[in-house]
Amino acid sequence: MRDYASLLWLQLRTSLALAMQYRADFVTDGLIEIFWTVTAIVPLFVVYGQRPTVAGWSFGEALMVTGFFTLLQAVLEGAINPGMALVVEQIRKGTFDFVLLKPKDAQFLVSTARVLPWRAANVLTAGALFAYGFSRLGRGPSAADVAGAALLFLAATIILYSLWMLSVSLAFYVVKIDNLTFLFGAVFDAARWPASVFRGLLHVLFTFVVPLAVMTTFPAKALLGQASAREALGAAAAAVATFALSRAVWKRAIGRYTSASS
Amino acid sequence: MSLRASVRAVPTMLRIGVSEALAYRAEMLVWIVSTTMPLIMLALWHAVARTAPIGRFGGDQLVAYFLSMFVVRQLTGSWVVWLMNMEVRDGTLALRLLRPVHPLLAYATSSLAELPVRGLLALPLAIAALGVFAGGQLTRDPLLWAAWAAAIAGAWLITLAANFAIGCLALFIESSNKVMDAWLALYFVLSGYIVPVELFPHRLRAAIDWLPFRYQLGLPVELMTGAHDHAEALVLLERQWAMVAIMFGVVAFVWRRGVRRFAAYGG
C-alpha cells in the first residue's frame, strides 16, 4: 500500500513537471475551457430570466448543480481523461506492453500516468459559481454541509472515473474509441441541470443507467443542506457498484489484449 | 483546370464522398447521437414551460422547435476544419494542391456527400417524431417552405465557409482546432441551438442579427415553425445570403494568403 502511495506521488510529480514545460498551454487550454463553461452558463441566465424557479429549483440552487458539474468537468479534463487518452493510444500502437510488464497494477498505472493541470482551469469557474450562487441565496453553507457535499462529490468522481474506465475497456475490443468519449460528453452535458428537470424515460435513464443525478444533483443538495440519508446511501452504493463493475470489465478486457506491435 | 471541367468532376467526387461516408457509417452513428443536445434542451425548456408558456412557446411549440433544430443540424453540418487541420499538419494538403481540382471544392464535395448518409441514419426517426408530436406546429405555407429550402442551403454554406476560414488559419498557426472550439462555443449559444433566439434580451438579439450564427441554425428552424411572415422571412433570407457572400470573401482572402505559406512538411 505504501508502495502505491509513493508511486502515486512520483507519477503526479512527473506529470506536473511535464505540464510546467507547457505553461503557455494555460492560455490556450485553460482559457478555452473557461470560455466554454461561461458560454454554457448563458442558458441558465435565460431560463431564470423567465421564471423564478424551475422544477423546484431557484436560480441560486441551480447554480450549485452547475458548479458541481463544472468541477466534475475540470476533474475529468484535468485528471481522468488525459490518462485514458494515453491508454487508448498505447493500445493502438502496441506500447501498452510496457505498462503490463511493470510489476504494479496496470489500471493504477494508466489512471495516474498523466495529469494536465491547465485543463482543470474550470476549478476557478466552479468556485465563482458557488460563490455567486450563495450570494444569490443570501447565506453561506454550514461546515457539516460542506463536508457532506465533499463526500458526495468524491462518490461522483468515483462514478465518473468508473464510467470512463468502462469506455476505455472497450478500446481493447474496438480500437477506435475517441468518438465514444464524445458520445459520453454529450450525455454528460445533461448533468448541468437539476435532475428533477427530466421526467419519464430520461429520468430513469439519468438515474439508473448513467447516474447523472447522483453525480451533480446529490452533492448540490448536500451543499444546500437538503440531502437525505437515502440519497447518500444511494450515491455510495452507486459508486461501489460502478467501480466494481469497471474493475471487473477492465480485468477481462486486458485479458484480450493482443499487442498490436508484435 | 477550367471551371467547366471542375463542375463536371463534381458528381464523381460526390459519389466518392458518399462511399467514403458509408464506409464509416458506424462512426457516423456515434456522431449523430452526440448531436442530441436539442433533445436535452427540449426536456429543460419543457420543464420551464410546464406552468405557463414562455413568449410564443408552449409545450407543443417547444417540441416542434427542438425537433426541427435536430433535423436542421443534421442537414447543415460540416466538420471539414478537423480534416484541414490534419492535412496541413501532416502535409497531405500538398497532394490536393497537385490535383487539377481546387482543394476547397474537393473539401466541399466530401463534406456535402456526408449529409445524405447522416440524413439516412438520423432523419426518418426525427421526421416521424416531428410528424407525430408536433405536426400541427409546422408551417403549411408552401412559400415559407421554399424559403426554408433556400435557408438550409445558405445555412450549410455559412457553416462550410466558417470551417474553411478557420481551417485556413491552420496555415498560419500550428493548429486552429482551438479556434474552432471557441467558434463552436459561440455557435451553440447564439444560434438558437440551445436557447431560441427570441428569448434572449433585446440588446443581445440586436448583436445576434449581425453575427453569422443565427443564420446557421436558428433561421431555418424559425421558418419551418412559422415564426415569421413573408416580409420578415425575405429580409432575414437576404441577410443570410449577404452573410454567405461575406464569409466566402473572407475564405478567399485567407486561403490566398495562407496557401503561399504552406510548406508541406512531412508530405
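Protein chains get the first letters and strands the later ones, always in sequence-line order, with residue 1 at the start of each. Note that this is a predicted model, so its numbers are computed, not measured. As a basis for the values below, the full set of heavy atoms in this structure was taken, side chains included, without hydrogen atoms, waters or symmetry mates.
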ask   = At a heavy-atom separation under 4.5 Å, does A:F206 approach chain B through its side chain, its backbone, both, or neither?
value = side chain

note = So CG of A:D189 and CE of B:M41: to nearest 0.5 Å the spacing works out to 9.0 Å

key: A:T39/B:F188 under side chain to side chain contact (heavy atoms under 4.5 Å, CB included): CA gap, chis, key distance, verdict   = CA-CA 9 Å; A:T39 53; B:F188 284 143; over 6 Å; no

key: Heavy atoms from other residues, nucleotides or ligands near NE2 of A:H203 exceed 12 (cutoff 6.0 Å)   = no

remark   = Between A:S196 and B:R50 the two heavy atoms that sit nearest each other are O-NH1, 4.5 Å

request  = Please determine, among A:L31, A:I32, A:V197, the option with the most heavy-atom pairs under 4.5 Å with chain B.
outcome  = A:V197

note = So, the part of A:R199 with a heavy atom under 4.5 Å from chain B: the answer is side chain

request  = Take A:W36 and B:L184, measure what side chain to side chain contact (heavy atoms under 4.5 Å, CB included) needs, and give me the verdict at the end.
outcome  = CA-CA 9 Å; A:W36 261 95; B:L184 280 178; 4.2 Å; yes

request  = Check the surroundings of atom CG in B:L125: do more than 12 heavy atoms from other residues, nucleotides or ligands lie under 6.0 Å from it?
outcome  = no

note = Within residues 45-64 of chain A, the residues sitting under 4.5 Å from chain B by heavy atom, in sequence order, are A:V46, A:V47, A:Q50, A:R51, A:V54

ask   = For atom CZ of B:F172, is the number of surrounding heavy atoms from other residues, nucleotides or ligands below 6.0 Å larger than 12?
value = yes

query = Side chain, backbone, both or neither: which part of B:I40 has an atom under 4.5 Å from a heavy atom of chain A?
reply = both

request  = Please round to the nearest 0.5 Å and tell me the distance separating atom CZ of A:F35 and atom CG of B:L186.
outcome  = 4.0 Å

query = Which of the residues B:P201, B:G55, B:A47, B:A185 is involved in the greatest number of heavy-atom pairs with chain A at under 4.5 angstrom?
reply = B:A185

Contact origin within B:V48 toward chain A - heavy atom pairs under 4.5 Å = both

query = Out of B:L204, B:L199, B:L190, which one racks up the most heavy-atom pairs below 4.5 Å with chain A?
reply = B:L199

A:R252 CZ: over 12 foreign heavy atoms closer than 6.0 Å = no

